[in-house]
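Please read the structure below before turning to the comments.
Atom set for the values below is all heavy atoms of this structure, side chains included, hydrogens, waters and symmetry mates excluded.
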Amino acid sequence: MSDQTVTNPAAEAQEGEITPDTPDTVDKVENTPVENVENPAEATPGEEDQASEATSANAADLLEQIAALEAAKASLSQVVEERNSQYIRLAADFENFRKRTQREKEELELQIKCSVIADLLPVVDSFELARTHIQTETEAEEKIHRSYQGVYKQLVECLKRIGVSAMQAKGKPFDPNLHEAVLREATNEHPEGTVIEELKRGYMLGDRVLRHAMVKVAAPPEEGSASNTNPTNDVTDV
């Protein structure tokens with residue numbers, strides 16, 4: 001055999017390899033410098049400033065939006081209040097218009113009714129005049145008299161049903177709102193200003209005068225006159 005050394009390739013390969021369990025491997029791993037290792041949980045000061053600015057900007061935007069919403073709310077509240085005020089005024093105006101129209105309608109109806117009734121009063125006067133002046137002599141005349149007096153009573157009942165009433169002026173104080181003085185008579189039998197005779201009857205519809213009563217009013221007797229003995233001689237026109 002020669003002096004050359006026979007080498008084992010497998011043994012050389014094993015000598016060249018470093019297993020993880022060897023102390024040299026652990027030392028190499030521990031002594032390896034760590035470069036460019038970043039921790040995602042840790043932020044740089046620049047990033048923190050940017051995040052703070054973004055948060056501030058968002059807060060400012062929110063405050064601006066809140067302020068804009070508050071202003072819009074106040075504007076809408078004012079508009080609603082104005083509309084409510086307009087509605088209340090319109091409702092009040094309409095109610096006043098309705099009441100005024102109703103009053104005017106009632107007043108017009110009353111005026112028409114008064115006008116029609118006033119035109120019928122001369123007919124009533126004619127019936128009353130005939131009743132007091134006509135003297136029946138025969139049975140036929142009495143029958144005719146009762147016939148038209150029945151018509152008169154029917155007319156009077158119709159007037160009463162619609163609210164017409166006759167004034168009772170005789171013996172009452174003279175009232176210019178109800179009476180029209182046609183004659184004055186000096187007398188000491190009645191107080192001055194007393195209605196002593198009703199020449200034409202007056203009528204009322206409710207509390208409204210349809211026709212004033214034409215009356216004769218008592219006046220104080222004149223001294224030295226003959227009014228005490230013959231008061232009718234002192235009747236004069238008003």
Side-chain angles (χ1 to χ4, degrees), residues 96-222 225-228 230-238:
N96 293 332
F97 171 76
R98 186 187 66 80
K99 291 180 179 180
R100 184 173 63 254
T101 304
Q102 184 66 24
R103 288 195 302 268
E104 292 175 353
K105 179 181 177 182
E106 293 175 355
E107 181 65 22
L108 181 60
E109 291 178 352
L110 184 58
Q111 290 179 0
I112 295 173
K113 185 185 295 185
C114 291
S115 178
V116 173
I117 296 172
D119 291 338
L120 292 176
L121 292 180
V123 180
V124 178
D125 295 336
S126 298
F127 275 113
E128 291 180 349
L129 186 63
R131 184 180 60 180
T132 57
H133 287 78
I134 294 178
Q135 300 295 328
T136 58
E137 297 179 356
T138 64
E139 185 178 353
E141 292 177 352
E142 183 65 25
K143 187 176 180 180
I144 296 173
H145 179 71
R146 287 196 303 267
S147 178
Y148 71 73
Q149 286 302 314
V151 177
Y152 162 71
K153 291 179 181 179
Q154 185 178 2
L155 177 59
V156 170
E157 290 298 327
C158 291
L159 294 176
K160 287 181 179 179
R161 281 197 297 269
I162 62 178
V164 179
S165 60
M167 296 182 188
Q168 302 298 329
K170 188 175 181 179
K172 294 183 179 180
F174 174 78
D175 186 352
N177 296 319
L178 304 175
H179 310 141
E180 181 180 350
V182 179
L183 299 174
R184 286 170 58 88
E185 181 177 334
T187 178
N188 56 4
E189 295 180 1
H190 302 280
E192 181 183 1
T194 302
V195 176
I196 59 178
E197 186 179 351
E198 189 176 44
L199 304 177
K200 182 180 286 188
R201 183 173 295 181
Y203 290 91
M204 299 187 67
L205 178 62
D207 57 352
R208 175 170 296 203
V209 177
L210 288 173
R211 188 178 71 185
H212 291 76
M214 295 183 180
V215 297
K216 182 192 296 185
V217 183
E222 297 179 0
S225 65
S227 60
N228 293 335
N230 187 11
T232 58
N233 293 333
D234 295 332
V235 176
T236 56
D237 293 338
V238 177

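For the atom pair Q111 CD and E104 CD, the distance stands at 10.5 Å (nearest 0.5 Å). Annotation: the span from Y152 atom OH to E157 atom CD amounts to 10.0 Å, rounded to 0.5 Å. A distance of 13.5 Å separates CD in E197 from CE in M214, rounded to the nearest 0.5 Å. Between the CD atom in Q149 and the CD1 atom in I144 there is a gap of 12.5 Å [rounded to 0.5 Å]. Rounding to the nearest 0.5 angstrom, the gap separating the CG atom in D119 from the SG atom in C114 is 11.0 Å. Taking CD of E180 as the start and CG of L199 as the end, the distance is 10.0 Å to the nearest 0.5 Å.
Counting all heavy atoms, side chain and backbone alike, Y148 lies closest to F127 at O-CE2, 3.1 Å. Contact between P173 and H179 at its shortest, heavy atoms only, is O-CE1, 3.6 Å. Pairing each heavy atom of A213 with each of A169, the nearest pair is CB-CB, 4.4 Å. Shortest non-hydrogen contact noted between L178 and M204 is CD2-SD, 4.2 Å. Looking at every heavy atom in both residues, I162 comes nearest to L205 through O-CD1, 3.3 Å. Contact detail for A186 and P221: the closest heavy-atom pair is CB-CA, 3.9 Å.
Salt bridge annotation for E128-R201: present, with a cationic side-chain nitrogen under 4.0 angstrom from a carboxylate oxygen. At a threshold of 4.0 Å, the pair E107-R208 counts as salt-bridged, since one of the basic side-chain nitrogens sits closer than that to a carboxylate oxygen. Remark: E142 engages R146 in a salt bridge, criterion side-chain N to carboxylate O under 4.0 Å. Ion pairing between E198 and K170 fails under the 4.0 Å rule for side-chain N and carboxylate O.
Annotation: side chain of L183 is not in contact with side chain of V217 (no heavy-atom distance under 4.5 Å). Contact check for N177 versus V209: no side-chain heavy atoms found under the 4.5 Å cut-off. Counting heavy atoms from C-beta on, the side chains of Y203 and V124 come closer than 4.5 Å.
Of the possible donor and acceptor atoms, one in the side chain of T101 sits under 3.5 Å from a partner among the backbone N and O of F97. H145 contributes no side-chain N or O that, together with a main-chain N or O of R131, makes up a donor-acceptor pair within less than 3.5 Å. Formation of a donor-acceptor pair under 3.5 Å by the K172 side chain with backbone atoms of Q168 is found in this model. Side-chain atoms of T194 never come within 3.5 Å of backbone atoms of I196 as a donor-acceptor pair (strictly under, hydrogens ignored). R184 places no side-chain N or O within 3.5 Å of a backbone atom of A218 that could act as its donor or acceptor partner.
A 6.0 Å sphere centred on CD of E106 holds more than 12 heavy atoms belonging to other residues, nucleotides or ligands. Within 6.0 Å of the CD atom in Q154, the count of heavy atoms belonging to other residues, nucleotides or ligands does not exceed 12. By the neighbour-count criterion of 12 heavy atoms within 6.0 Å, atom CD of Q102 is densely surrounded, having more than that number from other residues, nucleotides or ligands.
Just one residue in the list L121, V215, D125 forms a side chain to side chain contact (heavy atoms under 4.5 Å, CB included) with K200, and that residue is D125.
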